[in-house]
Amino acid sequence: MASVSEGMSCYTIINPPEIELYNEMQIKQDLEKGEVNVKIETMKKVIQLMLQGERLPNLLMTIIRFVLPLQNHTLKKLLLIYWEIVPKTSADGKLLQEMILVCDAYRKDLQHPNEFLRGATLRFLCKLKEPELLEPLMPTIRSSLEHRHSYVRRNAVLAIFTIYKNFDWLVPDGPELIANFLDTQQDMSCKRNAFLMLLHADQERALNYLASCLDQVSSFGDILQLVIVELIYKVCHANPAERSRFIRCIYNLLNSSSNAVRYEAAGTLVTLSTAPTAIKAAVSCYIDLIVKESDNNVKLIVLDRLIALKENENIERIMQELVMDVLRVLSATDIEVRRKTLALAMDLVSSRNIEEMVLVLKKEVSKTHNIEHEDTGKYRQLLVRTLHTCCIKFPDVAAAVIPVLVEFLSDTNELAAGDVLVFVREAIQKFSHLQPLVIEKLLEAFPAIKSAKIHRTTLWILGEYANSLKDIMEVIGVVNRALGEVPIVEAEQSRLAGNDTGDEEQKTAETTVNSSNKVTSDGTYATQSAFSVAPVAKKVERPPLRQYMMDGDFFVAATLAATLTKLALKFIQLEPNEKKQNRLCTCAMLIMSSILHLGKSGLPTKAITNDDTDRIYLCLKTLTLQTPEIVEIFTQSCKNALANMLNAQSEEKAQEKKDKQQKNAAKIQPDDPIAFTQLANGKNDQLGENVFELSLNQALAGTKSTALTDVASPNSKLNKVTQLTGFSDPVYAEAYVHVNQYDIVLDVLIVNQTSDTLQNCTLELATVGDLKLVEKPHPVVLAPHDFCNIKANVKVSSTENGIIFGNIVYDTTFSSNVVVLNTIQIDIMDYILPATCTDTEFRTMWVEFEWENKVSVNTTLTDLHDYLRLLLKSTNMKCLTPEKALSGQCGFMAANMYARSIFGEDALANLSIEKPLDRPDAPVTGHIRIRAKSQGMALSLGDKINHTQKCLQEKSVAA
């Protein structure tokens, strides 16, 4: 029995209650004497029982005698399934005598007048693995090639193809027979199957046929065209000299009526030729597919293909000319398609077509004002960021873009308006010649802004970059209009006094209204008067800045005070007239003192905070004393801090781009080893990547390493082998866990370590979590000391740790036995990939996500940075906090991390750790807060972190 470590859960498979016990005698009776409907239901039950592992050997003759002769079509179909799964050999491996009768039944069905029965039987013969059963049927199968109905002919071709592949001695002239058949056929499905056989069995004949009808390929059906594309690719891949012979055919197939054919033809053309005309034709075909195809999944797949093509430098140069065609994809409504399209266009755009691209984006911006869709706000945000990147990358277009973007400041979508101000802040700092234009547009938009956050940022920019006397006076004028009459408290009190006087009679009338009796829910009477009714506050129209303060938002007031201080200090430096200097300073100080008075007057809904009070007092003191050091901070240091931050961001982006280019660049040194074609992964060769052979490997996007060398390397499999039983158990089992994107394949090796034959050896599995077993593995017979491999598929539906458990059941001569298996833990890390997002998006998701898991730091590590690196490596998350913010040693560290699963689920984490600086050997302490939309993901990530910490402690103890 497999040893189970102490503390682990133990699972047992229990027969589900919905499966009723069967009675073999009753089944026999129903098959012998039941009506046709009864026999149909009984056959279904028999098939289900056999698929669940029951042998039922005594029913074979009963079915041959009482079911096989019937002509009911449903029974005929069920019999084909039964013959496929029933054991056809005895324990010594010889064919059962009863199968001779079944073979005769096959022959009769192949000669049946009903074409459906003949075709279905031919299709069934493709699954037979016993040449003794197939040999007597060969003349009938060959004669089916001449049947009048295409359904029979195409299945006859498939039958001959399978038989030739498995037992070529049964039909030695198979390729010649099918080649002659292909020449005379008109039906596309028959031609496709015949051509497919020649493609795999005799490529020379397939090429000769294709060469004879190259001009007619465009008129063929799509199923045949797909096989032709595959043949051309394989031939040209093996023999590049053949490219010139068939490339024209691929060009023609780019105009096929089938989207599938066009996609395959474009992919083949790119791998066969690097000529600019070929690349342009293929990329144009891809773009046309995206625009015309309605399915968003198809759009995303083709877009990913275009993004992959861009990674090649030669192809990227050619694709740069097609940026305007790429932007046609923006007509799609899906936000993910638009996001990828804008990112691709931004990577491809050059100085030659940037102006055209900006015109298209400006049109898209204007469209978003008229269309209200759930993703309109996100799309607007995307357009703003793209235009921002355009202006920074190509400063010449900034003057045309700024007026369009500033219109967004009045938008109700605060995120889009915030992105505009981020862009405006960077543009006004980097492009000094645009400062007058930016100031003018901001002043125009200021009264229409609807958000306190946007007003704050706009005030900061105006205070920092209004450098001329004219601009300073205009800004102060706009601020006064947005603030209203000062002093604010007196103005508000007079407003209230005026309202009280005007409404006095109305209030008196309300107070003297006759009290009315009301009946309560329990039937008693109650008196209601004006005093018991809550007064309804009237909505008073105020200027925006004053309204923020009346609502208790004094952070905008602190920003306003800093802005006024900067403007006043600049005005003093620019204006020689001392009287005007004093007048402006007095005006600014009056506004600030009025705000302080308002904050403590009790009129706003919330009182002013101490932080905002201190900030406004500092501004008042600065204007009063005008100390040179403080003046320098207000007028220069803030601007320098912004410049340093923008430079750091630019350096970080440049470094990321450089690292990416170095990663993609080929590094071939004189002493590098020689790469043999048979051993290479073919990634860097023009003809090296075999699309058809490696298409399955593309599904490995969810694994930690997607390199084809890692996928194909047998050594990597050894790391994922899980021992299921002990070495001393009668049956030894181990499993290789192969994690694909949305499913898990268990390749289980079972070894019979006894001297007995194990009958009905069955692998029984069950799952815990969001895992689902696709089908039950079939039972096998193991000879003494024999072994076999059994594969089981498990579907994955979400990012959550799962467990697969089960046992192996087998029969010997004397008894039935069970071996319990160790559990297989499915690691969440196979589905999580590092991702990136902005700080704003991180905060928004942090507020929205409801599931939080707080994990305490419990480690022997003494360095904060070492712990962060360990955490990132173990969780596959990406650190969003810049490296410069984490550098240095100050005794504590706070960092944000983000990852995304292949199912589109987001995972956020915040790390807060510390260690005393006076104790160098002290371990790191703190906690990690994980937030996710689903409970399973938050818990699974927490478990992973705890497991990593536990393993690290065990290693340190062992050391």
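As the structure is a prediction and not an experimental result, all values here were calculated from the model.
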Taking only distance into account, with no hydrogens and no angle test, what donor-acceptor pairs under 3.5 Å do side-chain atoms of residues 169-180 form with protein atoms, sequence neighbours excluded?
residue, atom, partner, partner atom, Å
Asp173, OD1, Arg142, NH1, 3.0
Asp173, OD2, Arg142, NH2, 2.8
Asn180, ND2, Glu176, O, 3.2

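- The distance from the CG atom of Leu31 to the CD atom of Gln26 is 10.0 Å, given to the nearest 0.5 Å.
- For the side-chain contact (heavy atoms from CB on, under 4.5 Å) test with Leu60, the passing option among Ile63, Asn58, Ile64 is Ile64; the others fail.
- Under the 4.5 Å side-chain criterion, counting only non-hydrogen atoms from C-beta, Met937 is not in contact with Ser940.
- A salt bridge links Arg148 with Glu115; the closest basic N to acidic carboxylate O contact falls under 4.0 Å.
- Of the charged side-chain nitrogens involved, at least one lies within less than 4.0 Å of a carboxylate oxygen, so that Glu230 and Lys234 count as a salt-bridged pair.
- Listed by chain and number, the residues in a side-chain hydrogen bond (donor to acceptor under 3.5 Å, both in side chains) with Asp222 amount to none (sequence neighbours excluded).
- For the atom pair CG of Asn114 and NE2 of His149, the computed distance is 9.5 Å after rounding to the nearest 0.5 Å.
- Looking only at side-chain heavy atoms (C-beta outward), Gln759 and Thr757 come within less than 4.5 Å of each other.
- Using cut-offs of 30° and 60° on the angle between ring planes, the pair Tyr151 and Phe116 is parallel.
- Counted by atom type alone, Glu734 and Tyr732 present one or more donor-acceptor pairs between their side chains at under 3.5 Å.
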Can I get a per-line list of side-chain donor-acceptor pairs under 3.5 Å for residues 190-197, giving both atom names and the distance, sequence neighbours left out?
residue, atom, partner, partner atom, Å
Lys191, NZ, Tyr209, OH, 3.4
Asn193, ND2, Arg154, O, 3.1

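- The distance from atom CG of Leu724 to atom CG of Leu821, rounded to the nearest 0.5 Å, is 5.5 Å.
- Interatomic distance, CD1 of Ile804 versus CG of Asn822, reported as 13.5 Å (0.5 Å rounding).
- A donor-acceptor pair shorter than 3.5 Å can be found between the side chains of Gln185 and Arg153.
- The pair Asp109-Lys76 counts as a salt bridge, with a side-chain nitrogen and a carboxylate oxygen less than 4.0 angstrom apart.
- Neither side chain, Asp756 nor Thr754, offers a donor N or O lying under 3.5 Å from an acceptor on the other.
- Atom CD1 in Ile141 sits 12.5 Å away from atom CZ in Arg107 (nearest 0.5 Å).
- His200 and Phe161 have parallel rings, their planes meeting at less than 30° on a 0 to 90° scale where 60° marks the start of perpendicular.
- Listed for the Ser901 side chain is a donor-acceptor partner under 3.5 Å among the backbone atoms of Glu905.
- Around the CD atom of Glu146, the shell of radius 6.0 Å holds no more than 12 heavy atoms that belong to other residues, nucleotides or ligands.
- Using modelled atom types and a 3.5 Å distance limit, the side chains of Asn37 and Glu41 yield no donor-acceptor pair.
- The structure places CE of Met43 at 10.5 Å from CG of Leu70, a figure rounded to the nearest 0.5 Å.
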